[in-house]
Amino acid sequence: MSSLLETRAAERRRVAELLERGTARLAAAGVERPDWTARTLLADRTGQTAADLAADPAPIASEAEYRFLRDIAGRAAGVPLQYLLGRAPFYGRDFEVGPGVFIPRPETERLVEEGLKWIAASPARLEVLEIGTGSGAVAVTLALAAPEIRVTATERSAVALAFARRNAAAFGASIRFLPGEGTADLPAGSMDGVICNPPYVDWEAGGLPRELAWEPRLSLDGGLGGIAVIRGWLQAAHRVARPGGLWLSEIGEDQAQRLRLIARETGWIWEGVEPDLTGRDRVLRLRRNHG
Ligand code: GLN
């Protein structure tokens with residue numbers, strides 16, 4: 001009996017040591033929430049819950065310990081936690097992610113909310129296009145929340161497209177995926193709405209969070225001023241959207257005024273900008289003109 005208690009005490013000490021070592025390494029590297037991150041990684045690598053690890057940990061295999069320490073080193077070097085875990089939460093689901101695909105962000109849930117509001121208020125069965133779907137988080141969420149719509153999604157990166165296809169399959173979402181530029185193959189005027197999260201980071205401006213360097217530049221770099229890519233997507237979307245069709249996209253918090261002009265130039269009518277939870281301009285809403 002006493003030897004069982006001693007074994008348990010030893011396991012708890014081992015966990016405490018590993019967490020201390022991991023936390024210290026992350027803190028020294030300036031990683032946010034070092035303690036929580038170390039616990040999350042150790043729980044994931046040992047297949048135990050954080051509560052079990054704290055109260056009554058099972059023995060930790062040396063392989064799990066090795067992977068934990070390797071991941072701590074990776075996170076300390078800046079690798080996003082989502083890449084280490086192989087998943088990112090979005091709208092209540094865990095999407096598979098990894099190097100080569102954009103990590104879904106919580107603020108993009110606002111885009112989905114606006115999309116779902118529009119879908120709920122529309123009488124007809126809608127054709128919806130997502131340009132640049134990345135992991136497929138937005139397209140899959142829309143398709144599952146509104147099975148009556150038809151979702152088409154494009155993606156230029158073959159790596160990202162493979163993630164999107166796997167995510168759609170894992171959740172049983174029915175989506176038509178188009179590789180490459182994609183929209184060129186769609187008939188003019190065939191879409192009721194275009195919903196997307198274009199790359200909009202002003203890459204040349206510098207001062208970017210170092211985590212961004214681990215994600216595909218294609219998914220983040222918005223070109224000159226952070227808005228050149230959006231201009232191209234608005235042009236492409238203008239061709240495939242029906243007159244009166246909707247455009248919803250995520251934008252950078254300082255881009256609304258410049259996009260007002262670009263929208264007019266590319267044939268879109270301004271409807272408004274919705275803020276995210278922190279009050280920053282985040283979701284742009286336009287209507288295709290009748291020209
Ligand atoms: N919100 C992202 C970031 O700054 C950028 C997303 C994007 O370019 N679409 O991390």
Side-chain angles (χ1 to χ4, degrees), residues 30-33 37 75 78-85 87-91 95 97-115 129-142 153-157 159-161 163-164 167 181-183 194-237 247-259 262-263 273-286:
V31 170
E32 277 174 32
R33 301 202 285 167
T37 302
R75 188 69 198 93
V79 180
L81 180 63
Q82 296 93 331
Y83 281 176
L84 295 170
L85 297 174
R87 59 178 188 270
F90 186 80
Y91 221 87
F95 285 82
V97 297
V101 71
F102 177 77
I103 299 167
R105 309 284 205 269
E107 60 264 31
T108 307
E109 294 181 351
R110 283 293 290 124
L111 178 70
V112 168
E113 280 168 14
E114 290 302 315
L129 171 68
E130 188 191 12
I131 304 176
T133 193
S135 67
V138 170
V140 167
T141 305
L142 291 173
T154 74
E155 178 51 56
R156 274 171 64 183
S157 154
V159 175
L161 187 60
F163 276 101
N167 280 316
E181 294 298 329
T183 60
V194 178
I195 300 182
C196 59
N197 176 16
Y200 58 74
V201 172
D202 188 353
W203 204 265
E204 305 301 329
L208 302 172
R210 63 179 187 150
E211 266 74 11
L212 290 187
W214 295 85
E215 289 176 87
R217 181 164 171 178
L218 183 70
S219 70
L220 290 162
D221 184 353
L224 196 64
I227 49 176
V229 173
I230 298 185
R231 174 190 287 272
W233 288 22
L234 279 166
Q235 283 164 339
W247 167 279
L248 278 180
S249 76
E250 187 170 316
I251 62 169
E253 59 182 277
D254 60 348
Q255 296 177 332
Q257 282 317 312
R258 282 176 292 157
L259 287 169
I262 292 174
V273 170
E274 303 295 333
D276 65 18
L277 290 171
T278 67
R280 297 179 170 88
D281 283 350
R282 191 58 68 200
V283 179
L284 171 65
R285 198 171 54 244
L286 308 171

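Just so you know, these numbers come straight off a predicted model, no measurement behind them. Each ligand, and each atom within it, is numbered from 1 in the order the structure gives.
Within the listing of ligand 1, atoms 1 (N) sit less than 4.0 angstrom from a heavy atom of Glu107. When each atom of ligand 1 is checked for a heavy atom of Leu212 under 4.0 Å away, the hits are 10 (O).
A salt bridge does not link Arg75 with Glu32: every distance from a Lys NZ or Arg NE/NH1/NH2 to an Asp or Glu carboxylate oxygen is 4.0 Å or more.
The shortest N/O to N/O separation between Pro198 and ligand 1 falls below 3.5 Å.
Arg285 contributes no side-chain N or O that, together with a main-chain N or O of Trp247, makes up a donor-acceptor pair within less than 3.5 Å. Glu130 places no side-chain N or O within 3.5 Å of a backbone atom of Leu142 that could act as its donor or acceptor partner. Side chain of Trp214 to main chain of Gly78: a donor-acceptor pair is present (N/O by atom type, distance under 3.5 Å, no hydrogens or angles). Between the side chain of Gln82 and the main chain of Ile103, no donor-acceptor pair closer than 3.5 Å is present.
For atom 4 (O) of ligand 1, the closest non-hydrogen atom of the protein is Val201 CG2, 4.2 Å. Counting only heavy atoms of the protein, atom 8 (O) of ligand 1 lies nearest to Tyr200 N, 3.0 Å. Atom 3 (C) of ligand 1 has its closest protein heavy atom at Arg105 NH2, 3.9 Å.
The shell of residues lying under 4.0 angstrom from ligand 1, judged by heavy atoms, excludes Glu211.
Annotation for Arg156: atom CZ does not count as buried by contact number, only 12 or fewer foreign heavy atoms lying within 6.0 Å.
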